[in-house]
Amino acid sequence: MAAGTPPSAPRPGDAVDYRTTRDPDPGSRPDEPTQPGRVAAHRACRWAAALLALVTLAGAAACAGPPSKGDVRSAPLNQSRNNVAILANEPTPSMPPGLLVTSFLQALTGDQEDPSFSVAQEFLTPEARSKWIPAGSTWTGTTKIVGYEVSVPDAPQTANHSAHPAEGAGAATAPQAAAPTPVGAEQTISVSGAQVAQIDPYGFFQFQTGPVIQQFTLKYLGASVGWRIATPPDFRMIHPDSFKRAYQEYQSPLAVYLPSHGSAAPVTDQVYLTQDSGKVDYTYDALARAVLHGRLSSQDTGLTLARPVTVDSNGLARVTLQTPPPGRAGLVTDVQLALTRTFRDASENQQLLSSTALSQVLVDYPGCTSCNPNSVAPDGSTTPPVYWVCPQTQGDSNAAIVDRPQLSGGADAPAVCPANGAKVPSLVPLTGIQLEKDTPIAVKQTSDSSDAKSPQSMTFVAAVEHSGAVVVLDDKNNAQQVWYRAKSANGVTDLEWDPTDGSLWVVDNKNLYRVQDPVAPGSGDGTPQQIPIPIPDQQVVRFKPSPDGLRAVVVSGPSTTDPSGAAGPQTATMVFIARTGGSVALTGLDGSPSGAFSLVQALTTDAEASHDGLQHDVLQTVTDAAWADGRTVVLLGLQQAGSSTPKLYRLYLDGSQDSTIMAPEDAQTAARHIAAVTGMIGGHASLWTFSDAPGPTDSNTTYSYFKRSSGADSFQESGWSPVAATATAG
């Protein structure tokens, strides 16, 4: 490429852009191009290869102009640091308006140096730069993920139509050169496309569709500078492919714990920090702001930071708040616990490893006399045990409900359900209870507060009898309470304890019910109290409340069939659980503005683009769903109509999908039900999945398969399906 020739326009979907170097010769004239520079680009192509390809291109060097960044500043894209190297073309005097706008948008994908987008600001006029992000400030706007295209108007053509060939010459004269662009000339460039999702100023992801358009007014500042943008955008636009590669393959979202207001279960969420990356302090500061604000208006604490969060050389993270508003000082203790959990998880993430290990978190404010540091240490939580049902043994008509406290297997691991037909002790007494085969169970553990000197936990199990009765048993008393009666045991397709109020969710004959303790004070005469929860135009198959009780995954299908008579596909929808006093409702299923959305959608990739080029179905139909932890959902389903091979996908509670956690090969071909749990192995989180299917080398359908993802640990156990349930606290 000749010196002074602008580089070709990169694709809008490129997550890694290109920033040219400059000729270091100080004697270069400002109105002449410097020598060609070298451009290094790191392009992620997960679908073609697992390794990052390093592409070296010849680029045009930039001319001197206000201001200049000089040398390339970059770092390889990797998962060992919480940053993303975004290399973008700096503006050159010869850069045409369309390429200038494209390069500006690519520079907005991210910046590893600081969150003020210093490189992107070089594309602006001095007046626009001073108003957009003032010096010392950070970007606080919304990020929209848009499949955009840059619309460049046709350049006017100038030709001398009066010219004639010279006498005696057989060829026409060369066309007259275009007139130079006058200083101060303006041009409007439009960028439009369909929005897929957006990220609010605190990093919370939300699906949101609709047309988006941005118009940029460009001004020509002279031959030594070229075109510059005079109207900076009020929101940041990122192409879906750029977002997926940069922030899902190489920088996963970070977990956020929100103040739980005394609830036993932590309230969890996550944030994509697409602009506050690069420095540890920036990241902790962004996490703190997300904790204080929350995703929903009801989660806003009303507390604000007095200054940016800092982490000193001793590993102390200091979060200084402004003086709390009246009545809000009592929240500080709850906020400190949420921040400690959030910072602890972040410090253990490979993306935030640093030479100074985080050790303590201090939350204080002016005048606080009781603000003390919290130690950053594991909270002592252990992997919940897994429960399932052993079949009846010879000479015994009763099945047994069993558990495996430690998730480990292998050839030497003893089986919980003996294969020799020996009698198995049940965790809860099942005398007189004839369990229906292949029906769900639900397990919860509560603290027994009646014994103040030595409190013990109690285990409650809800299971389905042959008669269709849903009976609740416990491991301490011999009580057997019928909470619900179904017409047919096979009609009960899901049982789940509510983690907030102790009620039981029952899916029976494609309908959803919330069942309360029939003998609880004020419940009446002991008759089961079943409350139908309407879900318009849907047939419910599974209902899975989140561990904090704020959300639920509903697996359902349409109430009608398609014209061919076949049942429509089942979808997995994330809904919010609205609680008012003692009443509960699911919001969003009737079109109300609640943030409900389908989980079988994802941002596009080059290899998986749908007909509209924006989003595609991960699974065409969903069979089952499970919560692996407070923010991770596992879906079981089919990718294509008529397929008999189920796939397993893991997504996040906000519907975003981390490209690094797809595990379709983990599902067994006979699986119909799944359960999941996240545990700690070697100090790192590891996800287990359980399915009602045998292992890869066994065709015995009475076996259930246990598998640890990203590990070789897997085994199978004899048992009835659905294979497993994890304990709900509360």
Side-chain angles (χ1 to χ4, degrees), residues 384-392 398-405 407 416-417 424-446 457-476 479-486 488-499 502-508 512-515 517 528 541-545 547 555 624-627 636 671-677 688-693 702-706 717-730:
V386 179
Y387 302 83
W388 71 100
V389 181
C390 288
Q392 298 106 328
N398 291 330
I401 296 176
V402 296
D403 73 329
R404 177 182 282 276
L407 289 175
V416 177
C417 297
V424 181
S426 178
L427 289 175
V428 293
L430 291 173
T431 303
I433 301 296
Q434 302 296 313
L435 295 183
E436 179 70 11
K437 183 181 179 181
D438 295 339
T439 54
I441 62 173
V443 183
K444 73 172 179 178
Q445 293 177 334
T446 62
S457 64
M458 293 181 62
T459 301
F460 292 84
V461 179
V464 183
E465 292 190 272
H466 286 328
S467 64
V470 176
V471 61
V472 174
L473 315 107
D474 67 74
D475 63 348
K476 188 173 182 180
Q480 299 177 355
Q481 302 177 22
V482 175
W483 279 42
Y484 179 86
R485 294 189 183 276
S488 170
N490 293 327
V492 180
T493 57
D494 209 357
L495 295 175
E496 293 289 339
W497 289 107
D498 188 279
S503 60
L504 182 68
W505 294 92
V506 180
V507 178
D508 177 23
L512 177 63
Y513 300 92
R514 176 172 166 261
V515 183
D517 188 345
V541 180
R542 305 281 190 269
F543 182 82
K544 305 295 181 181
V555 178
D624 200 5
W627 288 85
L636 175 72
R672 297 171 299 168
H673 300 87
I674 56 170
V677 67
W688 284 87
T689 55
F690 324 109
S691 61
D692 58 335
T702 63
Y703 281 123
S704 302
Y705 188 53
F706 293 57
E717 285 276 2
S718 175
W720 283 351
S721 61
V723 54
T726 52
T728 298

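Values below: every heavy atom of this structure, side chains too, minus hydrogens, waters and symmetry copies. Residue numbers run from 1 in the order of the sequence given.
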Self-check item: For Gly502 against Lys444, the heavy-atom pair lying closest together
Solution: O-NZ, 3.6 Å
Self-check item: Minimum-distance pair of heavy atoms, taken over all atoms of Ala462 and Val472
Solution: CB-CG2, 4.2 Å
Quiz item: Under 3.5 Å, side chain of Trp627 to main-chain N/O of Pro547, donor-acceptor pair present?
Solution: no
Quiz item: Just by distance, do the side chain of Trp388 and the backbone of Ser718 share a donor-acceptor pair under 3.5 Å?
Solution: yes
Quiz item: Does the side chain of Arg542 come within less than 4.5 Å of Val507's, by heavy atoms?
Solution: no
Self-check item: Which atom of Val482 lies closest to which atom of Ala469, heavy atoms considered
Solution: CG1-CB, 4.0 Å
Quiz item: Would you find a donor on one side and an acceptor on the other, under 3.5 Å apart, between the side chain of Gln480 and the backbone of Thr431?
Solution: yes
Practice problem: Determine whether Val470 and Val515 make a side-chain contact, defined as any pair of heavy atoms from C-beta on separated by less than 4.5 Å. | Solution: no
Practice problem: Find the distance between CG (Asp624) and OG1 (Thr493) and round it off to the nearest 0.5 Å. | Solution: 9.5 Å
Practice problem: Could you grab the distance from atom CG of Asn490 to atom NE2 of His466, nearest 0.5 Å is fine? | Solution: 10.5 Å
Quiz item: Can a donor-acceptor pair be found between the side chains of Trp505 and Asp494 at a distance below 3.5 Å?
Solution: no
Quiz prompt | side-chain contact (heavy atoms from CB on, under 4.5 Å) evaluation trace for Tyr387 with Val461 | solution = CA-CA 10 Å; Tyr387 302 83; Val461 179; 5.7 Å; no
Quiz prompt | Salt bridge present between Arg672 and Asp692 (N-O < 4.0 angstrom) | solution = yes
Quiz prompt | From Asp403 atom CG to Thr459 atom OG1, the distance as rounded to the nearest 0.5 Å | solution = 8.0 Å
Practice problem: Search all heavy atoms of Val492 against all heavy atoms of Asp508 and return the closest pair with its distance. | Solution: N-OD1, 4.0 Å
Quiz item: Under the side chain to side chain contact (heavy atoms under 4.5 Å, CB included) test, which residues partner Ser426, sequence neighbours left out?
Solution: Ala400, Ile401, Val428, Leu430
Quiz item: Below 4.5 Å, heavy atoms only, C-beta onward: do Val402 and Val389 meet side chain to side chain?
Solution: no
Practice problem: Any chance you could measure Asp475, atom CG, to Ser457, atom OG, to the nearest 0.5 Å? | Solution: 7.0 Å
Self-check item: Which residues share a side chain to side chain donor-acceptor pair (under 3.5 Å) with Gln481, sequence neighbours left out
Solution: Trp483
Quiz item: Can you name the closest pair of heavy atoms from Glu436 and Thr439 and give their distance?
Solution: O-OG1, 2.7 Å
Quiz item: What are the two closest heavy atoms between Gly432 and Glu465, and how far apart are they?
Solution: O-OE2, 4.1 Å
Quiz item: What residues, two or more places apart in sequence or in another chain, satisfy ring-ring contact (aromatic ring centres under 6.0 Å, His included) together with Tyr513?
Solution: Tyr484
Quiz item: Do the side chains of Ile433 and Val471 get nearer than 4.5 Å, heavy atoms only?
Solution: yes
